[in-house]
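Reading through the structure tokens given below for one structure.
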There are 2 protein chains.
Amino acid sequence: MENIGDEYKNYWETNMFLQTQELDSWGLDEALSGYYDSSSPDGAASSAASKNIVSERNRRKKLNERLFALRSVVPNISKMDKASIIKDAIDYIQHLHEQEKTIQAEIMELESGVMKKNPKQLHDSVTSRNSPIEVLELRVTYMGEKTVVVSLTCSKRTDTMVKLCEVFESLKLKIITANITSFSGRLLKTVFIEANEEEKDDLQIKIQTAIAALNDPLSPMSI
Amino acid sequence: MENIGDEYKNYWETNMFLQTQELDSWGLDEALSGYYDSSSPDGAASSAASKNIVSERNRRKKLNERLFALRSVVPNISKMDKASIIKDAIDYIQHLHEQEKTIQAEIMELESGVMKKNPKQLHDSVTSRNSPIEVLELRVTYMGEKTVVVSLTCSKRTDTMVKLCEVFESLKLKIITANITSFSGRLLKTVFIEANEEEKDDLQIKIQTAIAALNDPLSPMSI
DNA sequence: CGAGACACGTGACGC
DNA sequence: TGCGTCACGTGTCTC
């Protein structure tokens, strides 16, 4: 009688995440509810209990759908925990807040630079060390045949493409083929690298630290 | 025996939201757990059951704290429903996404607006003296709809990709979308640029001179 | 009174 | 083996 719970187990922990709509297999609830209410001979009470059960079920279902929707709008989600999903969402919102401030500062700088008649000064101040790389997603996958694919998405800022290339150039990897494409304010870089499966995680760490070090040269991130 | 639930009721629906930390009034859990387990005579089983109970309690508590924290980073929250909190968070994140796109478009416009009058050398220190860019093919084509496509092939050397990006970055073009792919010692860069047909030839000259200037900064190639 | 929202204890499942 | 996570049914409160 607990098999319904089992289905939901699969909902959370296996790979059927892409059809969150069609697990509406609750049609036999009414029949079951009568079975549970063996202590109360009153029909009205059992009806109320079943109502409560199905209502609660719908509430939980709605909540899970909401949670799943929240997960879908937050990039870079690692763990599928309910708590982790909410935590990642919080971190992401705070990240967006910081990013908004950064971008607005950049806009202010650009505007104030336009006001002045000195384009040289403007460009130097903007180019020097502003607009860090904002990584939106970083995915490192082992594809077999000793090849690892790195897929990186970030927002397009000033010199972002240059810095991105510098990062991968500095890591001295065995790059098979690389590709950068830019669209609608985004930058997507895909790199095929010759490496074993064990080097995958290490590679991801390396890339992250390299980008972090480039964004903030002051901190001694070099392990 | 259900008074604990009552406290939590107040936690959600009254005004004690500001002390989400100090409702640690679960100290008598162990004593109660033994009471609940009246069906199992085994002491070890009751211990396990109580462990599960307190663990589950902590899990729920953590989840509620997370949800509360999520609520605190999302402005303009009207309803206190769990589902509504998550929904508002989703809407807020999507709102931030749209806003980010708008602002980035604004930045792009601002940057391309600066490009108008800037005869001075942009990057005075590109440095890197070795391995010049060896252009194998440069094709500039007008595609209609005010778009010009630049297709450039060169041999892959050290930092070639970086330099290539720098070149196009320094020209301050209205780039619609760009793409670099590397294969078998070659580098192919494709750039879609917003420009009229008349600017086509001028564009080709600009790119050639920029690359030449980068390869040999000593010669006064700057128009 | 019912409808909705919540916390609780419980059994099950995976690591 | 425990430990963490989950969905479930239930009792209780508020509107």
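Reckoned from all heavy atoms, side chains included, excluding hydrogens, waters and symmetry mates. Here is the naming used below: chain letters follow the sequence lines, and residue numbers restart at 1 for every chain.
Summarising the geometry, the separation between CG on Leu63(A) and P on dG4(C) is reported as 15 Å, rounded to the nearest angstrom. Per the geometry, NZ belonging to Lys61(B) stands 14 Å off P belonging to dG9(C), to the nearest Å. Going from atom CG of Asn64(B) over to atom C1' of dC6(D) covers 15 Å, rounded to whole Å. Rounded to whole Å, atom C1' of dT14(D) lies 13 Å from atom NZ of Lys79(B). Between Asn52(A) atom CG and dA5(C) atom P there is a gap of 12 Å when expressed in whole angstrom units.
Of the candidates dG4(C), dT5(D), dC8(D), the closest approach to any side-chain atom of Arg57(A) belongs to dC8(D). In this structure, of dA5(C), dT10(D), dT5(D), it is dT5(D) that holds the atom nearest to the side chain of Asp81(A). Taking the side chain of Ile53(A) as heavy atoms from C-beta on, and the options dC6(C), dT10(C), dT10(D), the nearest nucleotide is dT10(D).
Checked by distance alone, Glu56(B) brings no side-chain donor or acceptor within 3.5 Å of a matching partner on the base of dC8(C).
Close to dC6(D), at under 4.0 Å from its OP1 or OP2, lies a side-chain N or O of Arg59(B). Considering only side-chain N and O atoms, Arg60(A) lies under 4.0 angstrom from the phosphate OP1 or OP2 of dC8(D).
The nearest pair of heavy atoms linking Val73(B) to Tyr92(B) is O-CE2, 4.0 Å. Between Phe168(B) and Ile175(B), the shortest heavy-atom distance links the atoms O-CD1, 4.5 Å.
Counting only N and O atoms by type, the side chains of Ser155(B) and Glu134(B) include a donor and acceptor under 3.5 Å apart. There is a side-chain donor-acceptor pair under 3.5 Å between Asn196(A) and Lys146(A).
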